[in-house]
Amino acid sequence: MQRSRCRGAPEGPGRPGPTTGKKRLPGTGRDSGASRKRPRKRKKAGGPRAAAEELSASPDEPREVGQRPDRDGPAEPAEESGKPAGLSRRQRRNRQKRQQEPPTGSDGERGSGPGPPDPPGPAEAPPEPRSGRSAALRARMEERLLGARFRYLNQQLYTGSSQDAARLFRADPAAFHLYHRGFERQVRRWPERPVQRIVRYLRRRPASLVVADFGCGDCTLAASVRNQVHCFDLVPLSPRVTVCDMAKVPLATESVDVVVFCLALMGTNLQEILGEANRVLKLGGTLMVAEVASRFEDTHAFLKAMTQLGFKTVSKDLSSSYFYLLEFAKTGPARPGPAPGLRLRPCLYKRR
């Protein structure tokens, strides 16, 4: 069957028949396809009226909320609807949440306002001024230096003879004041001062007894009893003190009733010092010795050596761990010759 006619184009009067040439009609073929593919210009939404309104409005002026650009007619004002202008629905919800949250306090809670004031804390001590810290540091350094000097002087007194100690303090009297200050600090820690024991002993004896205090220090003993007391030491800490070597005191032979050594048996020439005490003491007189307990190596040997120096033991109090208190009576002059048991350890203080 012969297909020569164009499909969909009926023949008849006023209609052109099928053509056999290559001539194309306008609006058909490639030209019509190009015209169909060309994009059409999109009209602005809202028509000429909306375009005129956009041209008349300021670029900074926001569009009224509720007015759609593709519809004509004014929108409902935002103030009348209770909704803030220029915000989306999500932004309005977030603003409502922030308005409902409590204000932020000083402790970091949520919100934007200032929180209640913090309760007042404990009053802090004002910072120590710089001058006060410097003074405290200086005092600590001076205390350490004084402690070191005291230990040095103490070692010189116990490891040298009485003649060496006399020369040391004669050349530097201020050193003796420093030593006495350190000595008082040490004894102040004891539960009982040995000089007070001797004071109680003398108060029970007649006030007519003459006393010689070897190594008297600040003359506490003389100020505490009614007896006549001869005070001897290397440096005068009181007007009552007579400065001398403890092995050569300016007293006549057998002129006193009581001789006292209260923490004063220093030096390496103990036999010479105790022999001087025997010389000035009357026959039957009393020798009182109070000495640091740790210095005694052998108490029995020490007491036996005292008999060779002309003394017998009357009483001994070894109950204290700080000091021993010994009482002797003179039986006669000292026998010549060495006394091997007459030894005392040097009282050396450790660095703290």
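Worth knowing before you read on, the calculation uses all heavy atoms, side chains too, and leaves out hydrogens, waters and symmetry mates.
- In terms of modelled atom types and a separation under 3.5 Å, the side chain of Arg193 and the main chain of Trp190 share no donor-acceptor contact.
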**OP:** Just do the side-chain contact (heavy atoms from CB on, under 4.5 Å) check on Ser315 and Thr313 with the steps written out, would you?
**Re:** CA-CA 6 Å; Ser315 67; Thr313 304; over 6 Å; no
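- The heavy-atom pair separating Arg279 from Val249 by the smallest distance is NH2-O, 3.5 Å.
- Gln271 and Pro338 get closest at one heavy-atom pair: OE1-CA, 3.8 Å.
- Side chain of Lys330 to backbone of Leu281: a donor-acceptor contact under 3.5 angstrom is found.
- Of the charged side-chain nitrogens involved, none lies within less than 4.0 Å of a carboxylate oxygen, so that Lys282 and Glu254 do not count as a salt-bridged pair.
- Looking only at distances, no side-chain donor or acceptor of Asp233 sits under 3.5 Å from a matching main-chain atom of Thr242.
- Taking the charged nitrogens against the carboxylate oxygens, Arg205 and Asp257 have no contact shorter than 4.0 Å, which rules out a salt bridge.
- Heavy atoms from other residues, nucleotides or ligands lying under 6.0 Å from CZ of Arg200 number more than 12.
- Environment of CZ in Arg345: crowded, with over 12 heavy atoms of neighbouring residues, nucleotides or ligands closer than 6.0 Å.
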Subject >> salt bridge (Lys or Arg N to Asp or Glu O under 4.0 Å) assessment of Lys316 paired with Glu291 >> reply: CA-CA 12 Å; Lys316 56 182 179 180; Glu291 197 52 65; over 6 Å; no
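- Without hydrogens or angle criteria, Ser224 side chain to Thr220 main chain gives a donor-acceptor distance under 3.5 Å.
- One N or O on the side chain of Asn227 and one on the backbone of Leu209 form a donor-acceptor pair closer than 3.5 Å.
- Tyr201 pairs by the ring-ring contact (aromatic ring centres under 6.0 Å, His included) definition with nothing, not counting sequence neighbours.
- Between Phe176 and His180, the ring-plane angle classifies as parallel under the 30° and 60° cut-offs.
- A donor-acceptor contact shorter than 3.5 Å is absent between the side chain of Asp213 and the backbone of Cys219.
- A donor-acceptor contact under 3.5 angstrom links the side chains of Ser162 and Asp245, judged on distance only.
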